[in-house]
A.B. asks: 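Can you keep this structure in mind? I'll have questions shortly.
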Amino acid sequence: MNYDKLLSRTVTELKPSGIRKFFDLVGEMTDVTALTVGQPDFVTPWHIREAGILSLERGKTYYTSNAGTLSLRREIDKYLTRRFDLHYNPAEEIVVTVGGSEAIDIAIRALVEPGDEVIIPMPSFVCYEPIVRLSGGVPVIINTTFEDKFKLTAKQLKAAITDKTKLLVLPYPNNPTGAIMDAEDLEEIAAVLRGTNVAVLSDEIYAELTFGKKHVSIATLEGMWERTVIVSGFSKAYAMTGWRLGYLCAPAPLTKQMLKIHQYAIMCAPTTAQFAAEEALRNGDEDIAYMAEEYDRRRRYIYAGLTKLGIECFEPEGAFYIYPYIGKFGLSSEEFCQRLLVEQKCAIVPGTAFGACGEGFARISYAYSVNHITEALEKIEKFVKTLEK
Amino acid sequence: MDKILKALEDNATLTPEQLAVMLGKETGEIKDIIKKYEQDGVILGYKAMIDWDKTDREYVTALIEVKMTPQRDRGFDRVAEKIFNYPEVQSLYLMSGGYDLCLVIEGKTMKEVAYFVAQKLAPIEYVISTATHFVLRKYKDKGVIYGAEQVDERGIGDI
């Protein structure tokens with residue numbers, strides 16, 4: 001068989017994750033103190049798990065309607081209204097998806113045609129660019145900077161918009177930097193977008209994890225609701241990563257088309273997860289508060305710990321990552337992380353995993369116990385001391 | 001500041017320095033607050049949660065229901081004090097419902113527990129009757145699940 005001839009060139013030309021080698025190396029080692037994981041260390045709260053189990057006991061093992069059960073969509077609307085002042089019609093403006101990932105996929109696929117430009121601020125989650133490429137779109141990368149607190153600025157956006165711009169991806173609260181966009185920041189972005197026909201894909205999966213400031217959605221600003229697709233899900237807020245459940249919200253003319261892709265590719269999101277999610281939305285506000293407070297403590301702890309070691313960090317305001325600047329040690333990100341791994345058995349993710357602009361940085365997840373973080377900080381301390389000699 | 005209490009209840013090994021960073025306070029302030037809690041008897045002690053079943057220590061735990069007659073003017077307090085002063089008594093509660101005191105006792109063997117009930121507890125004046133239940137297995141105590149392995153099943157993650 002000539003597999004090269006069989007496979008789609010668009011797919012074979014997609015770059016595999018740049019740090020595959022690094023993770024293979026981590027996988028080969030034992031007793032590694034890892035700060036690499038991008039998911040909560042909490043187990044899904046029991047009342048939510050129980051709701052899923054109960055749905056199975058009651059034989060709810062069928063497909064649901066394509067967009068998800070109406071009762072779940074109603075709960076999503078109530079939740080978004082309650083917590084973020086967002087308003088969507090459950091009947092036609094909400095689609096329940098297989099994680100936030102699927103929501104990103106169908107949103108981009110429904111909007112982007114070959115040649116369309118999609119603006120992607122980086123560093124950010126790794127999936128936007130490949131999905132845009134699969135649609136034949138052209139990713140236009142904006143590198144956010146430490147100096148700008150990794151926010152997207154109006155100036156950068158203005159300079160990037162062309163006649164071909166179709167979509168702006170807005171990945172805040174941000175993985176890997178922990179940056180957020182507050183109301184004033186978003187207002188400046190909105191001012192640039194008003195009067196254009198550019199849509200916004202606002203990835204708000206970490207909306208519940210902001211510290212000190214409440215998350216603001218761009219869709220709440222004047223003239224933005226009409227152009228915004230909100231992507232969110234249950235993974236981070238309720239520690240439900242393995243359930244694979246997310247959703248998107250957008251004006252009906254958009255969801256109608258996105259739903260078609262979802263219908264043909266997926267049919268419907270997992271039914272058990274949908275029942276569990278309903279319980280999460282109804283009775284999970286306290287769980288969110290508890291976990292967010294835990295993350296906040298660890299955030300302060302790891303920020304103080306790294307700063308004390310003389311490692312310059314942007315103080316994260318959202319998600320559960322910190323993104324220290326390690327460039328001053330004279331090693332590339334990958335070298336730094338690889339040597340830290342080999343010499344001290346501590347794993348953190350090279351910033352380059354999140355775009356070329358991640359050179360000089362590393363992503364550290366603090367979705368770990370304080371004792372674990374303490375152990376990792378001790379290893380990092382030992383390591384940087386050897387570099388400073 | 002019940003945030004300090006909550007944090008220490010979850011993990012008593014946190015140092016004042018760590019707590020200060022996590023809660024956005026000064027170390028000195030945290031030390032003062034903890035000291036005050038200790039003086040006021042709000043914080044009574046710091047202990048480790050140990051799963052003795054994973055060691056070779058031999059022990060049995062029993063829960064004993066005690067029915068008794070309250071004393072005039074003193075209710076159950078005097079007798080309760082007499083009982084909780086025995087070092088083998090781990091916990092003692094005054095209960096509503098079918099009996100009055102509930103005590104948790106630990107001994108080396110069942111015989112030792114039986115001896116305690118027969119020789120020390122039952123003869124106490126005002127004690128009417130006792131019912132001893134031996135613990136067969138501890139699943140969870142003070143929010144901690146016993147017997148579970150502490151493995152991070154998330155592994156190292158991926159991008």
Side-chain angles (χ1 to χ4, degrees), chain A residues 16-20 22-29 32-43 125-127 175-176 211-212 239 241-242 290 293-305 307-308 341 347-350 352-354 363 365 367-374 377, chain B residues 1-35 37 42-43 45-51 54-55 137-159:
Chain A
S17 167
I19 51 150
R20 191 61 266 165
F22 176 74
F23 268 99
D24 287 345
L25 187 61
V26 182
E28 284 166 16
M29 293 176 65
V32 173
T33 311
L35 294 176
T36 48
V37 166
Q39 57 175 322
D41 61 324
F42 299 99
V43 177
F125 184 50
V126 292
C127 81
N175 168 15
F211 310 107
T241 45
Y290 168 74
E293 197 178 322
E294 276 291 317
Y295 290 129
D296 191 21
R297 280 187 210 161
R298 300 168 188 185
R299 177 185 71 96
R300 290 163 187 265
Y301 184 60
I302 199 158
Y303 174 68
T307 308
K308 210 170 140 193
L341 176 66
I348 60 176
V349 181
T352 42
F354 305 93
R363 185 191 80 171
S365 161
Y368 290 90
S369 72
V370 169
N371 290 350
H372 186 94
I373 293 171
T374 306
L377 282 171
Chain B
M1 258 310 279
D2 53 309
K3 278 189 178 176
I4 297 179
L5 290 179
K6 193 78 203 60
L8 285 175
E9 193 187 26
D10 288 344
N11 181 358
T13 64
L14 292 174
T15 63
E17 289 76 16
Q18 289 175 320
L19 283 167
V21 165
M22 286 190 256
L23 303 174
K25 304 260 172 204
E26 293 299 321
T27 305
E29 195 182 339
I30 298 280
K31 279 184 179 163
D32 291 345
I33 293 170
I34 292 176
K35 200 168 170 189
Y37 278 141
V42 176
I43 294 176
Y46 305 87
K47 294 191 169 190
M49 304 290 300
I50 296 168
D51 189 350
K54 287 193 172 159
T55 70
R137 181 173 171 187
K138 176 147 61 173
Y139 289 104
K140 188 176 182 182
D141 192 17
K142 295 186 173 65
V144 177
I145 294 169
Y146 279 66
E149 297 281 329
Q150 305 274 334
V151 185
D152 190 344
E153 292 183 79
R154 297 174 301 165
I156 50 161
D158 215 327
I159 293 298

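Atoms considered below: every heavy atom in the structure, side chains included; atoms not considered: hydrogens, waters and symmetry mates.
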A.B. asks: So what's closer than 4.5 Å to chain B heavy atoms on N371(A): side chain, backbone, both or neither?
C.D. replies: side chain

A.B. asks: For Y46(B), does the OH atom sit with more than 12 other heavy atoms under 6.0 Å from it, leaving out its own atoms?
C.D. replies: yes

A.B. asks: Please report the C-alpha distance between E293(A) and K3(B) in whole Å, then the side-chain angles of each, then the deciding distance to 0.1 Å, and finally whether the side chain to side chain contact (heavy atoms under 4.5 Å, CB included) criterion is met.
C.D. replies: CA-CA 10 Å; E293(A) 197 178 322; K3(B) 278 189 178 176; 3.4 Å; yes

A.B. asks: Would you indicate whether K54(B), at its atom NZ, is surrounded by more than 12 heavy atoms from other residues, nucleotides or ligands within a distance under 6.0 Å?
C.D. replies: yes

A.B. asks: Please look at L19(B) and chain A and tell me whether the side chain, the backbone, both or neither of the residue comes under 4.5 angstrom of a heavy atom of that chain.
C.D. replies: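 Answer is neither: L19(B) stays 4.5 Å or more from chain A.
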
A.B. asks: Check whether any side-chain N or O of R154(B) sits under 3.5 Å from a backbone N or O of Q39(A) as a donor-acceptor pair, and report yes or no.
C.D. replies: yes

A.B. asks: Could you report the tightest heavy-atom contact between L23(B) and R300(A), atom names first, then the distance?
C.D. replies: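 Scanning both residues completely, I find the closest heavy atoms to be C-NH1, 4.0 Å.
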
A.B. asks: Sequence neighbours left out, what passes salt bridge (Lys or Arg N to Asp or Glu O under 4.0 Å) with D51(B)? Give chain and number order.
C.D. replies: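 Applying salt bridge (Lys or Arg N to Asp or Glu O under 4.0 Å) to D51(B) gives none.
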
A.B. asks: Should V21(B) and Y303(A) count as side-chain neighbours, where that means a heavy-atom distance under 4.5 Å?
C.D. replies: no

A.B. asks: Distance from Q18(B) atom CD to I373(A) atom CD1, nearest 0.5 Å?
C.D. replies: 10.5 Å

A.B. asks: Going from OG on S369(A) to CG on D152(B), what distance comes out if it is rounded to the nearest 0.5 angstrom?
C.D. replies: 9.0 Å

A.B. asks: Does any backbone or side-chain atom of A7(B) lie under 4.5 Å from a heavy atom of chain A? Answer side chain, backbone, both or neither.
C.D. replies: both

A.B. asks: If you count heavy-atom pairs within less than 4.5 Å of chain B, which of G27(A), P176(A), C127(A), A367(A) leads?
C.D. replies: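 Highest number of heavy-atom pairs under 4.5 Å: A367(A).
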
A.B. asks: Would you mind reporting whether L14(B) and V370(A) have side-chain heavy atoms less than 4.5 Å apart?
C.D. replies: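 Yes, side chains in contact.
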
A.B. asks: Pick from T241(A), V26(A), V32(A): which one has the most heavy-atom pairs with chain B under 4.5 Å?
C.D. replies: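 Ranked by heavy-atom pairs under 4.5 Å with chain B, first place is V26(A).
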
A.B. asks: Please flag which part of T374(A) lies under 4.5 Å from any non-hydrogen atom of chain B: side chain, backbone, both or neither.
C.D. replies: side chain

A.B. asks: So which atom in M22(B) and which in R297(A) form the shortest heavy-atom distance, rounded to 0.1 Å?
C.D. replies: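 Taking every non-hydrogen atom into account, CG-O, 3.3 Å.
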
